[in-house]
Amino acid sequence: MTATTPLYDTYLRAPLRFERGEGVWLIAEDGTRYLDFAAGVAVNSLGHAHPHLVEALKAQAEKLWHVSNLYDVPGQESLARRLTAVTFADRVFFTNSGAEALECAIKTARRYHFAKGHLERFHVITFEGAFHGRTIATIAAGGQQKYIEGFGPKAPGFYQVPFGDIAAVKNAINDETAAILIEPIQGEGGIRLASKEFLQELRALCDEFGLLLILDEVQCGVGRTGKLFAYEWAGIRPDIMAVAKGIGGGFPLGACLATEAAAAGMMAGTHGSTYGGNPLAMAVGNAVLDVILAEGFLDQVRDVALVFRQGLASLKDRFPDVIEEIRGDGLMLGIKAKVPPADLLKAIRAEKLLAVPAGENVLRLLPPLITTAAEAREGLARLERAAEAVRAAGIAAA
Ligand SMILES: *Cc1c(COP(=O)(O)O)cnc(C)c1O
């Protein structure tokens, strides 16, 4: 039998083909306009075809694409300086993806203890429902059986405990523990928020036992919660942080950030990447920061987030048979469906609105950070029509 596609069958794709994008809109080949609140899974932080990003990429493309890390890349220096100036971090390693940023974070934590002569301290405590990527190490870190199964023995050194359970974390710490790794807001897991107190308690445990606190802000970082990084809301500072998705605005770019102390073991030759910190990626990353760090930008994100929160809360009140719960923070929102989530997603798509499935029957809304209040209200109106359609189809719970 011949396959209908030469591509791996790894993705369950929706039958949609887009030709171009403008801001919060995606335009299909047949001209249909979709309101894009999926944003490439929180990647298109500034929407589609943002003029400043397009200009930055074009200008760099005409000069230089790639030189490798055999040489200085000035864009890396400038982007790293800007990232360290506005975060806890002193050092940055650039990658091409989230999983690679996590790999660097895990390696950094292990090397930290190794450099102190503690070769046995390589274990990382992670959380149920987590998602850290699809490499051999990051599927072990995420711990979800559906991603691990069939890929050989689970990489050693990762221990899952229930999300939010500080006693379980404490219980899991031993002489071999190197670090605690957590998403301040679980994305794939279903928009589950770690409380401020929980993050503060993790910080305290790390201090008490000499562990490194690693945050995975691949999805919740870069302005999505209305602060540049989600950890700022908890008033804590991590030792290491993985960043990707929104920082590239659609160009493949990730970064591992660390304090001077945490990065101490990563000396010359310990880590590398052919493409990481490529001039094209650096030009775009710097351009993304130009916009997000501009005066008032994050205030606007918080204002629009409020429009969403109020609109979604009202929707939940009016459609308790369709919507069980509204979750999230900033522009990282989740609708926990009371109906089969696939049915709700289908109804939403029929209204030409794009959302992303997640765990726990949640549909994620991850609108671009440039979404205006008017566009938010347009999205809410489409959601309302979708909820009505689900109810009318008799799918809703009695
Ligand atoms: C998407 C994601 C990753 C993996 O990023 P890739 O770029 O797909 O490798 C890791 N952690 C979180 C929280 C993510 O949302």
Side-chain angles (χ1 to χ4, degrees), residues 8 10-13 38-45 93-109 124 126-144 146-148 151 155 158 160 163 179-194 199 213-225 229-231 238 240-257 273 275-278 281 284-285 288 327-334 355-360 362-367 369:
Y8 268 37
T10 47
Y11 299 110
L12 268 171
R13 298 176 199 268
V41 194
V43 166
N44 300 98
S45 48
F93 183 92
F94 290 111
T95 69
N96 315 289
S97 67
E100 287 171 284
L102 264 305
E103 289 273 346
C104 180
I106 295 160
K107 287 177 79 173
T108 300
V124 180
T126 68
F127 294 89
E128 288 170 9
F131 181 81
H132 299 298
R134 300 293 203 113
T135 62
I136 294 291
T138 55
I139 55 174
Q144 298 203 41
K146 64 178 175 182
Y147 297 139
I148 293 173
F151 296 116
F158 296 97
Q160 256 83 46
F163 192 66
I180 297 172
L181 165 60
I182 187 168
E183 296 157 85
I185 303 176
Q186 286 190 347
E188 308 288 322
I191 311 291
R192 297 166 79 205
L193 274 70
L199 291 173
L213 181 61
I214 309 174
L215 297 183
D216 179 348
E217 292 224 16
V218 168
Q219 194 164 148
C220 65
V222 197
R224 186 136 295 274
T225 64
F229 289 102
Y231 73 80
I240 304 171
M241 180 168 72
V243 178
K245 294 200 165 106
I247 186 76
F251 199 92
L253 168 60
C256 174
L257 278 62
S273 165
Y275 290 117
N278 163 295
V284 178
V288 167
R327 296 178 173 182
D329 204 359
L331 294 181
M332 188 165 176
L333 297 157
V356 192
E360 300 195 337
V362 168
L363 296 182
R364 277 176 282 177
L365 297 180
L366 305 162
L369 307 183

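We count ligands from 1, going down the list as the structure has it; atoms in each ligand are counted the same way. Throughout, residue positions are numbered sequentially from 1 according to the sequence presented.
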Non-hydrogen side-chain atoms of Thr108 and Phe93 separated by less than 4.5 Å
no
Any non-hydrogen side-chain atom of Arg192 less than 4.5 Å from a side-chain atom of Glu360?
yes
Measure from every N or O atom of ligand 1 to the protein's N or O atoms and keep only the pairs below 3.5 Å, writing each with atom names and distance to 0.1 Å.
residue, atom, partner, partner atom, Å
ligand 1, 7 (O), Gly98, N, 2.8
ligand 1, 9 (O), Gly98, N, 3.4
ligand 1, 9 (O), Ala99, N, 2.7
ligand 1, 11 (N), Phe131, O, 3.2
ligand 1, 11 (N), Asp216, OD1, 3.4
ligand 1, 11 (N), Asp216, OD2, 2.7
ligand 1, 15 (O), Gln219, NE2, 2.7
ligand 1, 15 (O), Lys245, NZ, 2.6

Does the side chain of Gln186 reach to within under 4.5 Å of the side chain of Phe127, using non-hydrogen atoms?
yes
Are any non-hydrogen side-chain atoms of Pro367 and Arg224 less than 4.5 angstrom apart?
yes
Is any side-chain heavy atom of Ile182 closer than 4.5 Å to one of Phe163?
yes
Atom OH of Tyr147 with >12 non-hydrogen neighbours under 6.0 angstrom
yes
